[in-house]
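Because the structure is a prediction, the values reported are computed rather than measured. Just so we're on the same page: letters track the sequence lines, and every chain starts at 1.
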Protein chains: 2
Amino acid sequence: MDTGIIENNKTQMRRGVLEYSILLILAAGDGYASSIINKLKEVNIIVAEGTIYPLLIRLKKLELLTYRWEESTQGPPRKYYMITELGRQQLAGLDAAWDELAKGIEIIRNGY
Amino acid sequence: MDTGIIENNKTQMRRGVLEYSILLILAAGDGYASSIINKLKEVNIIVAEGTIYPLLIRLKKLELLTYRWEESTQGPPRKYYMITELGRQQLAGLDAAWDELAKGIEIIRNGY
DNA sequence: TAGAATACCTTGCAATACAAGGTACTAAAA
DNA sequence: TTTTAGTACCTTGTATTGCAAGGTATTCTA
């Protein structure tokens, strides 16, 4: 349990972009919970299982995602999530929101 | 009460960088709650009063900030917050955390 | 003396990341 | 056959925290 200020803030920052980054990942190709977690880990965005499952369910309820079951030779079947048309539309909005935020931080940071 | 997916996500994204952006602003010069809110508004980061006051108090408790009272000719006295040495140290860590996150998003977004 | 503007602050609610704990399937080792 | 390891699914409870709403106090102006 790291309660450091930085660690806590990293969590906070991650928080903000989780749905966004999941949609980004699924826009590039279907994936299941563990594969998404791994993709995020690759870019140092660390997410717990307990975070991602409810989130995928939420995004599915919002109809930004759907899923299909697929057999695996490595264990139990996998629930492959796919982005929907609505998901892609929302993603475009999130792209814009992210750009705006990043620009805002940039401005504050550089003082102009 | 906008419950749209985008609007909600903007809130989430904001959430993650609020402490960071406040420290950035105060690192550039002392400020009081309203002036900080206005600076954030300038870069399209919209924050409510009910958010910023508890947050400043929290950052003060963590000793990242201190404050002094200052008279105003425009109304009641203002509580000017100042970043501490510890605050600057933590800010450096947050700079790094932000850069890492931004880089991560970039990678996911561009697919390499 | 009333109203507007500015400043401070608190309470309660809702959203949500995550730790912890649980189920189930496959494959390989004992 | 049984056990263990690996993979995958999911839920519950807790803690955090942004914000709407509501409240107090000061200064200036009409």
Side-chain angles (χ1 to χ4, degrees), chain A residues 1-22 30-41 45-62 65 67-81 97 101, chain B residues 1-22 30-41 45-62 65 67-81 97 101:
Chain A
M1 234 92 63
D2 194 326
T3 52
I5 295 156
I6 299 295
E7 210 48 44
N8 186 50
N9 252 282
K10 276 182 154 181
T11 300
Q12 289 303 314
M13 287 186 182
R14 201 162 41 234
R15 230 179 156 123
V17 297
L18 251 191
E19 297 195 4
Y20 177 44
S21 48
I22 287 174
D30 303 346
Y32 58 102
S34 307
S35 76
I36 294 170
I37 290 174
N38 286 333
K39 275 231 172 69
L40 289 171
K41 201 180 292 168
I45 299 177
I46 310 300
V47 188
E49 281 202 333
T51 300
I52 206 120
Y53 281 105
L55 208 155
L56 288 171
I57 291 166
R58 196 157 68 235
L59 292 177
K60 202 258 173 184
K61 271 199 192 113
L62 289 170
L65 303 179
Y67 66 76
R68 65 170 190 279
W69 284 100
E70 202 164 293
E71 297 290 327
S72 164
T73 54
Q74 311 271 21
R78 297 167 176 170
K79 210 178 199 177
Y80 274 87
Y81 280 91
L101 182 66
Chain B
M1 236 91 64
D2 194 327
T3 52
I5 295 156
I6 298 295
E7 210 49 44
N8 186 50
N9 252 281
K10 277 183 156 180
T11 300
Q12 289 302 313
M13 287 185 182
R14 203 162 38 235
R15 229 180 155 120
V17 297
L18 252 191
E19 297 195 4
Y20 177 44
S21 48
I22 287 174
D30 302 346
Y32 58 101
S34 306
S35 76
I36 294 170
I37 290 174
N38 286 333
K39 275 232 171 69
L40 288 171
K41 200 179 292 167
I45 299 177
I46 310 300
V47 188
E49 281 201 333
T51 301
I52 206 121
Y53 281 105
L55 208 156
L56 288 170
I57 291 166
R58 195 157 70 236
L59 292 177
K60 202 258 172 184
K61 270 197 192 113
L62 290 169
L65 303 180
Y67 66 76
R68 64 170 192 278
W69 283 101
E70 202 165 294
E71 297 290 327
S72 164
T73 55
Q74 311 270 23
R78 294 166 178 172
K79 210 177 197 176
Y80 274 87
Y81 281 90
L101 182 67

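Between the C1' atom of C:dA17 and the CD1 atom of A:I45 lies a distance of 14 Å, rounded to the nearest Å. Regarding B:L18, its CG atom lies at a distance of 17 Å from the P atom of D:dT16, rounded to whole Å. Straight-line distance from the CE atom of A:M13 to the P atom of D:dG18: 12 Å, rounded to whole Å. Here D:dT16 presents its P atom at 12 Å from CD of B:E19, a figure rounded to the nearest Å. As rounded to whole Å, 13 Å separates atom P of C:dC18 from atom CG of A:N9. Put simply, CD1 on A:I57 is 15 Å from C1' on C:dC18, counting in whole angstrom units. Distance NZ (B:K61) to P (D:dT16): 12 Å, rounded to an integer number of Å. For B:K10 and C:dT16, the NZ to P distance is 17 Å, given to the nearest whole Å.
Considering every non-hydrogen atom in both B:M13 and A:V17, the closest pair reads CG-CG1, 4.5 Å. When all heavy atoms are compared, the tightest approach of B:I52 to B:A33 is CG2-CB, 4.1 Å.
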For this session: Summarise how protein sits on nucleotides 3-9 of chain D as a single string, 5' to 3': B when a protein heavy atom is under 4.0 Å from the base, S for sugar-phosphate-only contact, - for no contact.
Result: ----BSB
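The side chain to side chain donor-acceptor pair (under 3.5 Å) with A:Y32 is formed by just one residue from the set A:E70, A:K79, A:R78; it is A:R78.
Along DNA chain C, the nucleotide closest to A:T51 and the one closest to A:E71 are compared, and the more 5′ of them pairs with A:T51.
With sequence neighbours excluded, the residues forming a side-chain contact (heavy atoms from CB on, under 4.5 Å) with A:K39 are A:I25, listed by chain and number.
At least one side-chain nitrogen or oxygen of A:N8 sits closer than 4.0 Å to the OP1 or OP2 atom of D:dT17. A sub-4.0 Å separation between OP1 or OP2 of C:dA17 and a side-chain N or O of A:R58 is present.
Within the 3.5 Å criterion, the main-chain N or O of B:V47 finds no donor-acceptor partner in the side chain of B:R14.
Contact annotation: the side chain of A:L40 approaches that of A:L18 to within less than 4.5 Å [non-hydrogen atoms, C-beta and beyond].
In this structure, the nucleotide among C:dT16, D:dC28, D:dC19 sitting nearest to the side chain of B:T73 is D:dC28. Listed nucleotides C:dT10, C:dA17, D:dG18 differ in distance to A:R15; the shortest reach to its side chain belongs to C:dA17.
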Problem set entry | Pair A:R15-B:R15, side-chain contact (heavy atoms from CB on, under 4.5 Å): steps then yes or no | CA-CA 8 Å; A:R15 230 179 156 123; B:R15 229 180 155 120; 4.0 Å; yes
